[in-house]
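The structure under discussion appears below in the form of structure tokens.
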Amino acid sequence: MREMELYIHIPFCVKKCLYCDFLSGPADPPAYALYVKRLTEEIEALAPQYDEYQVSSVYIGGGTPSILDPVHIDRLMDAVFDNFHIIDGAEITIECNPGTVYGGNARIMRKAGINRMSIGLQSIHNGELKLLGRIHTFEDFLRSFEEARKAEFTNINVDLIFGLPGQSIADWKETVKKTALLRPEHISAYSLIIEEDTPFYDRYHDDAVIQANGGEPKLLPSEEEEREMYRLAGEYLGSRGYRHYEISNYARAGRESSHNIGYWTGKEYLGLGLGAASLIGNVRFQNTSVFEDYIKKPFARQDEQVLDKKERIGEFMFLGLRMTDGVSRRDFVDRFECEPEAVYGNTLFELVQEELLAVSEGRIYLTEKGVDVSNTVFARLLL
């Protein structure tokens, strides 16, 4: 059977964070119930179309999926297991925010078949959490983490953000150290991005432009400070047994996120729920992003795009290069029936000469210098 991944979107949260541009927002319990009903109907309607696939991983993202009533989570997982061919031992992740995880719902999540939890801490400093518009404190996170462990979650990711307004290198180091002391199996550390149509964009956009151009921003850390924060996380977590396997991700041995690795290596995936995107074969499509339409209309693909060979090669390269192991030349040839140099000409040679890429033991990967300017490298590899 062919393999694919499932992504299930839960668009609800207690309150929209000030930096967030995801398809999510507050709603009331009746909306939760209506949405889960519609989501299970979508699963039942679409699953027969993918009967030749087995599902290697499931990711329930949002929003804040843990905001749902435990009964809804149980119902949703029943629908997944009843309608799709789920591989034994498949990684099944749910995103949670501190303050929405307690003993009862954590145990039900685990019993329902969810075996990995991703908790959005972002910072150990309550002042920084307040600045971000988060609903929780560090103490709330510690309680949620403990409840997850009590519920026998043995695979937990913790999300962190650096490059916050006013954040010092010492502040960031303390966040990394205290998180690592808890020994989660996986840590994701992302640089803050100032996204359009967010309160942070209104406050910090001008500063972000100055930062991107190498100037001295007034409110955000400088570009060099951000790079130092990035290096600090890699060095410290590496010394504590975490492998830096992707630009923003660190894991203990064998605990890398198989779902995310699937994205980075071009595995097919089916998105379910409001606004969820899919890639099946060489066709990308997504669901409606309008809640009322999702609830009322028949399920239908939107924005369908057939990717040509050049587009697929470009995506394969820039997504694969996010991983520290980089891109396998053999995988490239098996997939596209040609050598990378035949597609890119002198571009690969130039990137190697500029010490942004390295080629060794059948792999192409970013150098440390290349990681610092990875977006520029990726742009040069898009065809």
Sidechain N-carboxylate O distance under 4.0 Å for [X], [Y]:
X: Lys296; Y: Glu292; answer: no
X: Lys309; Y: Glu337; answer: no
X: Asp140; Y: Arg143; answer: yes
X: Glu174; Y: Lys177; answer: no
X: Glu228; Y: Arg231; answer: yes
X: Arg329; Y: Asp334; answer: no

What are the two closest non-hydrogen atoms of Ala180 and Tyr242, and how far apart are they?
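Looks like O-OH, 4.1 Å.
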Looking at every heavy atom in both Cys96 and Ser66, which two are closest together, and how far apart are they?
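Here Cys96 and Ser66 meet closest at CA-OG, 3.3 Å.
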pair [X]-[Y]: side-chain heavy atoms closer than 4.5 Å:
X: Pro184; Y: Asn157; value: no
X: Leu366; Y: Val377; value: yes
X: Ile8; Y: Tyr59; value: no
X: Tyr19; Y: Tyr204; value: no
X: Tyr245; Y: Asp325; value: no
X: Met109; Y: Met77; value: no
X: Thr288; Y: Lys297; value: no
X: Arg203; Y: Leu18; value: yes

Are side-chain N/O atoms of [X] and [Y] paired as donor and acceptor at under 3.5 Å?
X: Thr137; Y: Asn126; answer: no
X: Ser278; Y: Gln286; answer: no
X: Ser123; Y: Glu128; answer: yes
X: Asn97; Y: Thr64; answer: yes
X: Asn287; Y: Glu42; answer: yes

Could you walk me through whether Glu95 and Ser118 satisfy the side-chain hydrogen bond (donor to acceptor under 3.5 Å, both in side chains) test, starting with their C-alpha distance in whole Å, then the side-chain angles of each, then the deciding distance to 0.1 Å, before giving a yes or no?
CA-CA 5 Å; Glu95 288 185 345; Ser118 181; 5.3 Å; no
So, [X] side chain and [Y] main chain: donor-acceptor pair closer than 3.5 Å or not?
X: Asn346; Y: Phe349; result: no
X: Glu225; Y: Pro221; result: no
X: Glu354; Y: Leu356; result: no
X: Asp207; Y: Leu220; result: yes
X: Trp264; Y: Gly320; result: no
X: Thr367; Y: Ala358; result: no
X: Arg110; Y: Glu152; result: yes
X: Asn105; Y: Tyr102; result: yes
X: Glu44; Y: Ala79; result: no
X: His186; Y: Glu256; result: no

How long is the span from the OG atom in Ser248 to the CD1 atom in Ile161, to the nearest 0.5 Å?
11.0 Å
Test side-chain contact (heavy atoms from CB on, under 4.5 Å) on Ile124 and Leu129 and set out the steps.
CA-CA 8 Å; Ile124 67 155; Leu129 294 173; over 6 Å; no
Single hit among Arg149, Arg116, Arg243 for salt bridge (charged side-chain N to carboxylate O under 4.0 Å, His left out) with Glu185:
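When Arg149, Arg116, Arg243 are each tested with Glu185, the salt bridge (charged side-chain N to carboxylate O under 4.0 Å, His left out) holds only for Arg149.
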Show the numbers, then the answer: is there a side-chain hydrogen bond (donor to acceptor under 3.5 Å, both in side chains) between Ser222 and Glu216?
CA-CA 6 Å; Ser222 68; Glu216 287 296 325; 4.9 Å; no
What's the verdict on side-chain contact (heavy atoms from CB on, under 4.5 Å) for Tyr230 and Glu235, showing C-alpha distance, side-chain angles and the deciding distance?
CA-CA 9 Å; Tyr230 180 79; Glu235 291 170 4; over 6 Å; no
Could you walk me through whether His9 and Tyr7 pass side-chain hydrogen bond (donor to acceptor under 3.5 Å, both in side chains), step by step?
CA-CA 7 Å; His9 190 65; Tyr7 173 78; 2.8 Å; yes
Under 6.0 Å between the ring centres of [X] and [Y]?
X: Tyr263; Y: Tyr269; answer: yes
X: Tyr32; Y: Phe12; answer: yes
X: Phe162; Y: Tyr190; answer: no

Qualifying residue for side chain to side chain contact (heavy atoms under 4.5 Å, CB included) with Pro65, from Thr100, Leu76, Ile10, Ile114
Ile10
Could Arg312 and Phe336 be counted as a cation-pi pair, given that NZ or CZ must be under 6.0 Å from the ring centre and within 45° of the axis?
no
Give a yes/no verdict on a cation-pi contact between Arg380 and Phe318, requiring under 6.0 Å between NZ or CZ and the six-membered ring centre and an angle within 45° of the axis.
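No, Arg380 and Phe318 do not form such a contact.
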Ser56: which of Lys267, Glu268, His259 passes side chain to side chain donor-acceptor pair (under 3.5 Å):
Lys267
May I have the step-by-step check of side-chain contact (heavy atoms from CB on, under 4.5 Å) for Met4 and Tyr50, ending in yes or no?
CA-CA 9 Å; Met4 73 174 182; Tyr50 301 94; 3.7 Å; yes
Carefully, step by step, assess Thr93 and Met117 under the rule side-chain contact (heavy atoms from CB on, under 4.5 Å).
CA-CA 5 Å; Thr93 303; Met117 184 180 289; over 6 Å; no
